[in-house]
Amino acid sequence: MTVLLNEEADGKILILTLSGKLSADDYAHFTKEVEGAVAVHGKIRFLVEMYDFHGWTLGALWEDIKFDFSHFADIERLALVGDRKWEEGMAMFCKPFTTATVRYFDESEANEASSWIHEGLVLAS
């Protein structure tokens, strides 16, 4: 599994890039950064890019559910980018665990996802 986390807009936007199969240990790579961004900004925006993504191990699924409950109201917008085969399942899975506005984008729409996640963003001076 490859897990990369980048920040934009002074940490108000987090971009998580995933490939392979997500394991429970992979959550350690980004959970602290998410919690730090939430501590600074309150609500954040999250862009999750899934390329050659093969889902979660059972342990990772549990970590994902715990993460989602912990950050239920912390994410303002969630853009999911990946293969269309994940769209219906991801949209259905994510909605009960967040108050965020969730949109799914095909891999070919990555630029549109980035534009949407940045749209109307107001940063403190």
Side-chain angles (χ1 to χ4, degrees):
M1 168 52 88
T2 301
V3 177
L4 301 171
L5 182 70
N6 294 302
E7 295 182 1
E8 291 186 4
D10 295 325
K12 175 84 175 166
I13 295 173
L14 298 180
I15 301 170
L16 181 65
T17 304
L18 306 172
S19 65
K21 192 165 195 167
L22 196 59
S23 72
D25 291 339
D26 292 323
Y27 278 80
H29 292 287
F30 64 86
T31 302
K32 288 181 184 177
E33 287 86 352
V34 171
E35 290 168 354
V38 168
V40 170
H41 298 287
K43 287 188 176 272
I44 60 169
R45 294 182 179 192
F46 216 10
L47 173 61
V48 180
E49 301 172 326
M50 300 170 287
Y51 298 110
D52 193 30
F53 184 63
H54 299 284
W56 299 258
T57 64
L58 189 55
L61 185 58
W62 176 242
E63 290 300 316
D64 191 65
I65 291 169
K66 290 191 312 186
F67 177 87
D68 293 343
F69 274 119
S70 295
H71 299 289
F72 181 79
D74 297 334
I75 300 170
E76 176 181 22
R77 283 189 180 191
L78 173 60
L80 303 166
V81 177
D83 190 308
R84 280 280 179 212
K85 72 180 181 180
W86 289 103
E87 181 174 5
E88 186 177 336
M90 289 293 289
M92 200 171 5
F93 182 77
C94 290
K95 290 200 187 233
F97 296 106
T98 185
T99 59
T101 302
V102 179
R103 283 192 57 193
Y104 196 93
F105 299 86
D106 186 71
E107 291 174 359
S108 65
E109 301 168 322
N111 289 336
E112 184 181 334
S114 181
S115 294
W116 180 75
I117 210 72
H118 286 86
E119 180 183 84
L121 186 65
V122 178
L123 297 175
S125 306

Side-chain contact test, heavy atoms from C-beta onward, threshold under 4.5 Å: evaluate it for Val3 versus Tyr27 and give yes or no.
no
Going from CD on Glu35 to CD on Glu33, what distance comes out if it is rounded to the nearest 0.5 angstrom?
9.5 Å
Below 4.5 Å, heavy atoms only, C-beta onward: do Arg45 and Glu8 meet side chain to side chain?
no
Which residue is it: Val102, Leu80, Leu78? I am looking for the one with a side chain to side chain contact (heavy atoms under 4.5 Å, CB included) to Phe46.
Leu78
Determine whether Glu49 and Ile15 make a side-chain contact, defined as any pair of heavy atoms from C-beta on separated by less than 4.5 Å.
yes
Steps toward side-chain contact (heavy atoms from CB on, under 4.5 Å) verdict (Ile44, Ile75)
CA-CA 5 Å; Ile44 60 169; Ile75 300 170; 4.2 Å; yes
So do Thr2 and Tyr51 actually touch side chain to side chain, heavy atoms under 4.5 Å?
no
CZ of Phe30 to CG of Leu5, rounded to nearest 0.5 Å, is 8.0 Å
One pair to check against side-chain contact (heavy atoms from CB on, under 4.5 Å): Lys21 and Thr57. What are the steps and the verdict?
CA-CA 7 Å; Lys21 192 165 195 167; Thr57 64; 4.3 Å; yes
Under the 3.5 angstrom rule, does the side chain of His118 hit a backbone N or O of Ser114 as a donor-acceptor pair?
yes
If the threshold is 4.0 Å, N to carboxylate O, is there a salt bridge linking Arg103 and Glu112?
yes
Could you report the tightest heavy-atom contact between Gly11 and Ala37, atom names first, then the distance?
O-CB, 3.5 Å
So if you build clusters from Ile, Leu, Val, Met, Phe, Trp, Tyr with side-chain heavy-atom gaps below 4.5 Å, do Leu18 and Leu4 land together?
no
Step by step, would you call Asp83 with Glu107 a side-chain contact (heavy atoms from CB on, under 4.5 Å)?
CA-CA 6 Å; Asp83 190 308; Glu107 291 174 359; 4.3 Å; yes
Within this structure, what is the CG-CE distance for the pair Leu22 and Met50, rounded to the nearest 0.5 Å?
10.5 Å
Check the pair Ser23 / Asp25 against side-chain hydrogen bond (donor to acceptor under 3.5 Å, both in side chains), numbers first and verdict last.
CA-CA 5 Å; Ser23 72; Asp25 291 339; 4.9 Å; no
